[in-house]
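Quick notes on the structure that follows.
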Protein chains: 2
Amino acid sequence: MSATRQPVSEEPEPDPRKPEARESGTRGRTRRAILGAAASVLARDRAATLADIAEAAQVGRSTLHRYFPDRQELLNATVVDSFHVVEQSVAAAAIDQGPPLEAMRRLITAMVDVGDRLAFLFGDPRVLEEFSACFEPDLSVPTAISLIERGQAEGVFDPQVSAEWIQQMLYAVTYTGWEAAAKGLLPRHGVASTVIRTFENGVTAQG
Amino acid sequence: MSATRQPVSEEPEPDPRKPEARESGTRGRTRRAILGAAASVLARDRAATLADIAEAAQVGRSTLHRYFPDRQELLNATVVDSFHVVEQSVAAAAIDQGPPLEAMRRLITAMVDVGDRLAFLFGDPRVLEEFSACFEPDLSVPTAISLIERGQAEGVFDPQVSAEWIQQMLYAVTYTGWEAAAKGLLPRHGVASTVIRTFENGVTAQG
DNA sequence: TGTTTTTGGGACATTGATGTCTCACAATGA
DNA sequence: TCATTGTGAGACATCAATGTCCCAAAAACA
């Protein structure tokens with residue numbers, strides 16, 4: 001969850017890696033607009049054109065290239081940015097505190113809130129593969145494994161299946177809820193509760 | 001489920017539409033190899049190259065073009081073929097007979113068996129959109145809605161959520177199971193039972 | 001206001017996927 | 001065996017996405 005902030009291996013190369021530091025307010029805003037549009041568009045179509053993304057960001061294609069020289073750079077930056085957004089949302093859920101079931105409910109709510117970022121990051125395994133192939137995976141994938149295992153130990157979560165499977169289901173159900181909301185099948189405000197309900201009890205009538 | 005076999009609107013154009021009829025055994029075999037490879041490859045990467053597909057089918061790229069003049073033709077044919085495969089598998093489950101819960105279990109088992117075809121058809125909504133935009137949607141999407149509604153009426157499935165949502169979950173859980181098996185997270189033989197278990201009861205310990 | 005920064009659009013060259021065609025070889029079937 | 005059918009490899013032309021530049025206009029800033 002928490003990014004390793006230890007200055008263990010500071011950029012081996014002295015290249016100017018820190019464009020997201022403090023740029024003139026305008027540049028920062030443009031940069032964020034592009035990254036947001038990229039995550040949103042690519043979440044729905046991973047083969048989207050740079051022109052598509054530029055249009056969604058309400059920015060000229062040349063401006064996009066000015067910020068991100070090539071497609072891969074944009075991809076990488078979008079991965080990093082999306083990680084930060086997700087990380088922040090998940091951190092606020094404090095999943096290592098309180099009863100597992102309640103922690104999980106907070107986590108799901110947090111995940112639904114950043115649904116498009118999750119869809120971008122995990123909708124296509126290739127995205128993450130390419131990224132972590134280029135860089136050290138200094139971004140720890142947000143993991144709910146410890147929470148799940150804690151819940152299993154306390155007899156709250158099904159101990160008959162692996163924690164990894166439950167985590168897969170967590171992503172799957174959350175993603176499905178986000179998708180259903182995107183296509184109007186679920187009302188925005190009811191997504192989290194429906195996802196929680198189904199995730200916990202499945203589809204059979206409780207009785 | 002069952003394709004409308006009524007000769008309502010027979011091909012308005014008299015073009016030679018029926019290549020899959022009876023071709024010399026060899027051609028049929030090659031054709032099926034290409035369609036199978038296309039579904040399998042495209043399920044994992046919808047941006048896959050025709051060269052990729054030809055390679056997976058162990059066929060030259062020119063042979064592929066000989067069978068399917070352009071990419072869209074291949075896409076359409078693969079959709080039709082995958083529908084037939086899924087349809088056949090689902091039909092064998094006889095989901096309109098017997099107790100809903102057992103029917104659903106048969107359905108899930110059938111779906112897991114044709115996981116890659118489902119992943120191809122439903123992994124990217126665009127695939128089906130483009131297809132049904134070109135042709136009359138004379139292919140009825142395999143629907144479990146009636147089964148789900150029957151189950152809800154009998155008090156077996158959760159009546160608090162919509163049948164559409166439950167169907168979305170059905171696809172999502174099945175797909176996740178197929179994916180988990182593909183990456184070795186679940187043993188092949190345990191996929192169906194795990195999917196059924198989670199689909200029915202969610203992830204909480206039953207008690 | 002004037003100056004600097006940022007932007008959008010257009011004009012390229014480049015690249016990779018696609019689609020077409022030809023030809024020699026292999027497989028099938030009589 | 002021979003004739004037909006089906007195939008793979010390669011040479012092309014085409015096309016769309018990409019990446020690079022430049023320049024005038026708009027926006028931000030002092």
Side-chain angles (χ1 to χ4, degrees), chain A residues 15-16 18-38 40-79 124 126-127 130-131 134, chain B residues 15-16 18-79 120 124 126-127 130-131 134:
Chain A
D15 63 5
K18 270 178 193 175
E20 57 271 53
R22 266 308 146 261
E23 304 174 295
S24 86
T26 302
R27 284 192 72 86
R29 225 168 309 141
T30 302
R31 182 188 169 84
R32 279 191 298 276
I34 293 176
L35 290 175
S40 176
V41 170
L42 291 173
R44 290 165 179 79
D45 178 12
R46 77 183 169 211
T49 288
L50 293 185
D52 294 336
I53 298 173
E55 185 184 359
Q58 293 183 301
V59 155
R61 193 168 69 90
S62 37
T63 299
L64 192 156
H65 271 109
R66 197 170 288 126
Y67 281 77
F68 306 97
D70 58 36
R71 188 186 177 90
Q72 194 55 50
E73 289 253 8
L74 174 60
L75 263 291
N76 292 339
T78 307
V79 168
D124 177 12
R126 225 168 308 276
V127 173
E130 285 173 0
F131 178 84
C134 285
Chain B
D15 64 4
K18 272 179 192 175
E20 57 271 53
R22 267 307 147 261
E23 303 174 296
S24 86
T26 302
R27 283 192 71 85
R29 226 170 309 139
T30 302
R31 182 188 170 85
R32 279 191 298 277
I34 293 176
L35 289 175
S40 176
V41 170
L42 291 173
R44 290 164 179 80
D45 177 13
R46 76 184 169 210
T49 287
L50 293 184
D52 294 336
I53 298 173
E55 185 184 359
Q58 293 181 303
V59 155
R61 192 168 69 90
S62 36
T63 298
L64 192 156
H65 271 109
R66 197 170 288 127
Y67 281 77
F68 306 98
D70 58 38
R71 188 185 177 91
Q72 194 55 49
E73 289 253 8
L74 174 61
L75 262 292
N76 292 338
T78 307
V79 168
F120 163 68
D124 178 12
R126 227 167 309 274
V127 173
E130 285 172 2
F131 178 84
C134 286

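All values below come from the heavy atoms of this structure, side chains included, with hydrogens, waters and symmetry mates left out. All values derive from a computational prediction rather than experimental measurement. Labels below follow one simple rule: chain letters A, B, ... track the order of the sequence lines, proteins then strands, and each chain is numbered from 1.
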Euclidean distance, atom [atom1] of residue [X] to atom [atom2] of [N] [Å, nearest integer]:
X     : N     : atom1 : atom2 : answer
B/Q58 : D/dG6 : CD    : P     : 20 Å
B/I34 : D/dG6 : CD1   : P     : 13 Å
B/H65 : D/dG8 : NE2   : P     : 14 Å

Please tabulate the protein-to-nucleotide N/O contacts below 3.5 Å involving nucleotides 10-13 of chain D, giving atom names and distances.
none

- Item | Charged tip of B/R27 within 45° of B/Y67 ring normal and under 6.0 Å | yes

- For the helix from C/dT1-D/dA30 to C/dA30-D/dT1, figure out the bend between the end axes, five pairs an end, and round to 10 degrees. 40°

- Query: Among side-chain atoms of A/S62 and A/R66, is any donor-acceptor pair under 3.5 angstrom?
  - Reply: no

- Message: Quick check on D/dT7: is either OP1 or OP2 less than 4.0 Å from any side-chain nitrogen or oxygen of B/Y67?
- Response: yes

- Query: Is any side-chain N or O of A/T30 closer than 4.0 Å to OP1 or OP2 of C/dT6?
  - Reply: no

- When rounded to the nearest 0.5 angstrom, what is the spacing between OG1 in A/T30 and CD in A/Q58? 11.5 Å

- Message: As an exercise, state the distance from OG1 of B/T78 to CD of B/E73, rounded to the nearest 0.5 Å.
- Response: 11.0 Å

Distances for protein N/O vs nucleotides 26-30 of chain C N/O pairs under 3.5 angstrom?
none

- Item | Side-chain heavy atoms of B/L42 within contact of B/D124, under 4.5 Å | no

